[in-house]
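Here the structure comes first, spelled out in structure tokens, and everything after it is commentary.
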Amino acid sequence: MKHYEVEILDAKTKDKLCFLDKVGNIFTFIFTLYPQWYPARQSIRLDPKGKSLKDEDVLQHLPVGTTATFYFRDLGAQISWVTVFLTEYAGPLLIYLMFYFRVPFIYAPKYDFTTSKHWVVHLACMCHSFHYVKRLLETLFVHRFSHGTMPLRNIFKNCTYYWGFAAWMAYYINHPLYTPPIYGEQQIRLALIVFLFCQIGNFSIHIALRNLRPPGSKTRKIPYPTKNPFTWIFLLVSCPNYTYELGSWLGFTLMTQCLPVAAFTLVGFIQMTVWAKGKHRSYLKEFRDYPTLRSPILPFIL
């Protein structure tokens, strides 16, 4: 068995943190020396500006000699993905309902606990609530995360985004002066079909992705269409969950004909495009036989 000598430097200051030998898992060893830096909080790199090594990486499998230098970066306090998702999704659900029921101090006192005369307002509330209840249930029972945690600061950023937009949308959709879409029932029914179709599609993709990864595993595989027709879009895009998510919010925008909803859809589309492009590049880099016909989020376009 090889004898290793490993020097750990601070990625920012280049100060020497420790010198290790006879080590296997670097993250575990650093945690032994510095208990405040638990493995999820550590970023170990071969280069100060390079990518972080994976938790399961061991020296024997890395492109280094028996003498090596690694760079350490503290990622800060961590929080589980499940906690973040539950918090950022529960907020919009409850906030929207507060506006829907017109609790006091939102609109004029004479409107407290009154209901809208427009049926589209009630339909919009059901669709919005359905979307976030679905997200909460998927977080609890469907999603399998390759990384267990994220930086604690992200929960404040994510909640500001989701909660803020939920309040902005809900304020106008449930406002006593809200007016229904210009093309009436036809527009609303078409929007509802688009919304429900994309919600089912999004759920189908999440189930397909879940089935790719056995419980407790971090194995990555190429996702392919299954017998479920909603997954056939995998033939054309790498991240159809984002494609369906975009479709859902376009449907909700069409249903409510509300500017804040359109703004939320646009911002969400921009962010999901960034994520989809990153995922697409990752697939191409990791799998040599990855289907070249696929686009990141929109078939043949983007």
Assess whether side chain to side chain contact (heavy atoms under 4.5 Å, CB included) is satisfied between F165 and V267, documenting all intermediate values.
CA-CA 10 Å; F165 264 114; V267 174; 4.1 Å; yes
Can you name the residues that form a side chain to side chain contact (heavy atoms under 4.5 Å, CB included) with F300, not counting sequence neighbours?
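Side chain to side chain contact (heavy atoms under 4.5 Å, CB included) list for F300, sorted by chain: L236, L293.
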Which residue pairs pass the salt bridge (Lys or Arg N to Asp or Glu O under 4.0 Å) test with at least one member in residues 110-135, sequence neighbours excluded?
K134-E138, R135-E245
Please list all pairs meeting salt bridge (Lys or Arg N to Asp or Glu O under 4.0 Å) that have one or both residues in residues 257-273, counting only residues at least two apart or in different chains.
none
Between atom [atom1] of [X] and atom [atom2] of [Y], what is the distance when rounded to the nearest 0.5 Å?
X    : Y    : atom1 : atom2 : answer
K157 : R153 : NZ    : CZ    : 7.5 Å
Y244 : F230 : OH    : CZ    : 6.0 Å
Y107 : L177 : OH    : CG    : 10.0 Å
L196 : C127 : CG    : SG    : 6.0 Å
F234 : T243 : CZ    : OG1   : 9.5 Å
R294 : S238 : CZ    : OG    : 6.0 Å

How close do [X] and [Y] get, heavy atom to heavy atom, and via which atoms?
X    : Y    : answer
A191 : G251 : CB-O, 3.2 Å
Y96  : A166 : CD1-O, 4.4 Å
I233 : P240 : CG2-CB, 3.1 Å
T87  : C159 : CG2-SG, 3.6 Å

Are any non-hydrogen side-chain atoms of [X] and [Y] less than 4.5 angstrom apart?
X    : Y    : value
R220 : S282 : yes
H280 : I297 : no
P223 : L209 : yes
T139 : V82  : yes
L250 : L254 : no
T253 : C258 : no
N202 : N241 : yes
H122 : T115 : yes

Is it true that a side-chain atom of [X] and a backbone atom of [Y] form a donor plus acceptor pair closer than 3.5 Å?
X    : Y    : result
T83  : I79  : no
W168 : A263 : no
Q257 : I182 : yes

Between L246 and T265, does a side chain to side chain contact (heavy atoms under 4.5 Å, CB included) hold up when you go through it step by step?
CA-CA 7 Å; L246 172 63; T265 302; 4.0 Å; yes
Could you name each residue pair satisfying side-chain hydrogen bond (donor to acceptor under 3.5 Å, both in side chains) that touches residues 172-186, not counting sequence neighbours?
E185-R189
If you group Ile, Leu, Val, Met, Phe, Trp and Tyr by side-chain heavy-atom gaps below 4.5 Å, do [X] and [Y] land in one group?
X    : Y    : answer
V261 : M255 : yes
I188 : L190 : no
L266 : I301 : no
L302 : L235 : no
V274 : Y162 : no

Side-chain donor-acceptor pair present, T114, R102, cut-off under 3.5 Å:
yes
If only side-chain N and O atoms count, and only distance matters, is there a donor-acceptor pair under 3.5 Å linking T231 with S204?
no
Show the numbers, then the answer: is there a side chain to side chain contact (heavy atoms under 4.5 Å, CB included) between H143 and R210?
CA-CA 6 Å; H143 294 319; R210 179 184 188 274; over 6 Å; no
For the residue pair Y132 and H128, does the interplanar ring angle fall in the parallel (under 30°), tilted (30 to 60°) or perpendicular (over 60°) class?
tilted
Could you check whether the rings of F195 and F252 sit parallel, tilted or perpendicular, using 30° and 60° as the cut-offs?
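F195 and F252: tilted rings.
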Would you please indicate if the ring centroids of F264 and Y161 are separated by under 6.0 Å?
yes
Would you check if the distance from the ring center of F101 to the ring center of F113 is below 6.0 Å?
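No, ring centres 6.0 Å or more apart.
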Dump the intermediate steps for side chain to side chain contact (heavy atoms under 4.5 Å, CB included) on V142 and L137, then the final yes or no.
CA-CA 7 Å; V142 176; L137 293 176; over 6 Å; no
More than 12 heavy atoms of other residues, nucleotides or ligands under 6.0 Å from CZ of F203: yes or no?
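Not more than 12 within 6.0 Å, no.
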Grouping ILVMFWY residues whenever side-chain heavy atoms fall under 4.5 Å, the cluster of Y290 otherwise contains I222, Y224, Y283, L284, F287
With sequence neighbours excluded, what pairs up with E88 under the salt bridge (Lys or Arg N to Asp or Glu O under 4.0 Å) test?
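Expected list: none.
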